[in-house]
Amino acid sequence: MATKTPIRIAVTGAAGNIGYAAIFRLASGAVFGPDQPVALNLIEVGPGLNALNGVVMELEDCAFPLLTEVVATGDLNEGFKDADWCLLIGAVPRKDGMERKDLLGINGKIFVGQGDAIARNAKKNVKVLVVGNPCNTNALIALRSSAGLREENFFAMTRLDENRAKSQLAKKAGVHHSAVKNVAIWGNHSSTQYPDFTNATIQGKPATTVITDQAWLKDTFVGDVQKRGATVIKARGASSAASAANAALDTLRSLHFPTPAGEWHSVAVLSKGDYGITPGIMFGYPLRTKADGSWEIVQGLPLDEFSRSKIAITEKELIEERATAAEALGIKL
Ligand code: NAX
């Protein structure tokens, strides 16, 4: 039995597709390491609560050495109690043909209530990662609803896009995906995101000197990464689940442990104006996690005219999403 204080992780939508693919790996030690105990607070609604009973049985049946406690509940106060991390997955998923904007009204309300419940029940230095879509604006709603918590502890997931982009670059270059580094995802987790190949490296060299086909980079690569979610939905008949869970766990790990020298990871945080972006939107940036657990945005990356034009599009979408959500919810964002 490990002796460290457990990290308590609250997971909403725990019995859904992404939740189910995430929690067993959390309990196994795959995120926080083989000597770090974890406790899970699993939160569901409606029919999901019945399914959650079965998930709890399966967790018991795994007899994970690092798992110290499982709380399964439909009550947000109980669910977020003493949480160190909140992984907000539960939401109504996007269906084929549905735009993220359509989801703003439906899902925004969920994140007002959850932000408030987190502020009242979780630890004061709790960190919150939003996966449920539209995740950038949902994260902003949760942040604005959680009086007293630290703005810099709210994140929205763009890591799936980063991982997708790395794989596409690796395939084109004919190398293993681990050879591709530093792919920043700028902006929104949506079809306007900008997967930045201009600052990426392949086997330590600029990606643009390894892949010299500019048309492929600017059109095929950017377009394929932007539309990958929709392409998976068409093929599976359901949105990305295992890869989304994997990306959520990658994000937690990257925010928990220091980033290796010279590298970065992608995640959306509250803009304070870095790179000229409008303050007050949750914007995807390249981040480095420091040894003390705080983070910083990677500064000074060159952005050419093409990159700037793409970033402007995704910034505009996030400003519009914020306005749409504020109007739909009748709150200031
Ligand atoms: P599922 O429908 O399989 O699961 C969602 C679960 O959330 C259900 O069990 C439901 O009962 C529960 N739920 C709904 N409202 C809740 C609430 N208020 N409190 C607690 N639980 C609640 O969807 P799944 O495939 O797991 O997707 C979950 C979310 O992730 C969706 O919003 C989806 O769009 C989003 N995604 C985000 C991605 C990203 O990169 N940020 C990529 C994958 C995915 O599209």
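Remember, it's 1-based here, ligands and their atoms both numbered in the order they're listed. Numbering starts at 1 and runs along the sequence shown.
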(request) Can you sort out which atoms of ligand 1 are near Gln114, meaning under 4.0 Å from one of its heavy atoms? (result) 17 (C), 18 (N), 19 (N)
(request) Report yes if Gly48 has an N/O atom closer than 3.5 Å to an N/O atom of ligand 1; otherwise report no. (result) no
(request) Using only heavy-atom distances, determine whether the side chains of Thr158 and Gln193 contain a donor-acceptor pair under 3.5 Å. (result) no
(request) Would you check whether Ser240 has a nitrogen or oxygen atom less than 3.5 angstrom from a nitrogen or oxygen atom of ligand 1? (result) no
(request) Could you list the atoms of ligand 1 found under 4.0 angstrom from a heavy atom of Gly13? (result) 6 (C), 7 (O), 12 (C), 20 (C), 21 (N)
(message) If the cut-off is 4.0 Å to any non-hydrogen atom of Ser239, which atoms of ligand 1 fall inside it?
(response) 25 (O), 45 (O)
(message) Could you tell me, atom by atom, which parts of ligand 1 come under 4.0 Å of a heavy atom of Ile89?
(response) 28 (C), 29 (C)
(message) Please report whether ligand 1 has a polar contact with Glu44, defined as an N or O pair separated by less than 3.5 Å (distance criterion only).
(response) yes
(message) Strictly below 4.0 Å, N to O, side chains only: are Asp116 and Arg120 in salt-bridge contact?
(response) yes
(request) Could you list all the salt bridge (charged side-chain N to carboxylate O under 4.0 Å, His left out) pairs where at least one residue sits in residues 44-61, not counting sequence neighbours? (result) none
(message) Distance under 4.0 Å to a non-hydrogen atom of Ala244: what atoms of ligand 1 satisfy this?
(response) 42 (C), 43 (C)
(message) Among Leu88, Asn133, Thr251, Ile233, which one puts a heavy atom closest to atom 32 (O) of ligand 1?
(response) Asn133
(request) Check whether any N or O atom of Thr12, backbone or side chain, sits under 3.5 Å from an N or O atom of ligand 1, and answer yes or no. (result) no
(request) Would you mind telling me if ligand 1 is within reach of the side chain of His189, the backbone, both or neither, using heavy atoms under 4.0 Å? (result) side chain
(request) Say whether, by atom type as modelled, one donor and one acceptor occur between the side chain of Asn136 and the main chain of His189 under 3.5 angstrom. (result) yes
(request) Please indicate whether any nitrogen or oxygen in Ile18 is less than 3.5 Å from any nitrogen or oxygen in ligand 1. (result) yes
(request) Report yes if the distance between the aromatic ring centroids of Trp264 and Tyr285 is under 6.0 Å, otherwise no. (result) no
(request) For Arg159 and ligand 1, answer yes if some heavy atom of the residue is under 4.0 Å from a ligand atom, otherwise no. (result) no
(request) Run the salt-bridge test on Glu263 and Arg288 with the 4.0 Å N-O cut-off and return the result as yes or no. (result) no
(message) Could you tell me if Thr278 and Glu315 have a donor-acceptor pair between their side chains, going purely by distance under 3.5 Å?
(response) yes
(request) Consider ligand 1: state whether an atom of it lies below 4.0 angstrom from any non-hydrogen atom of Cys135. (result) yes
(request) Answer yes or no: is there an ion pair linking Arg8 with Asp84, defined by an N-O contact shorter than 4.0 Å? (result) no
(request) Can you sort out the partners of Phe64 under ring-ring contact (aromatic ring centres under 6.0 Å, His included), two or more places apart, ordered by chain and number? (result) none
(message) Show the atoms of ligand 1 that are less than 4.0 angstrom away from any heavy atom in Met157.
(response) 39 (C), 40 (O), 41 (N)
(message) Can you tell whether the side chains of Glu151 and Arg144 come within less than 4.0 Å, N to carboxylate O?
(response) yes
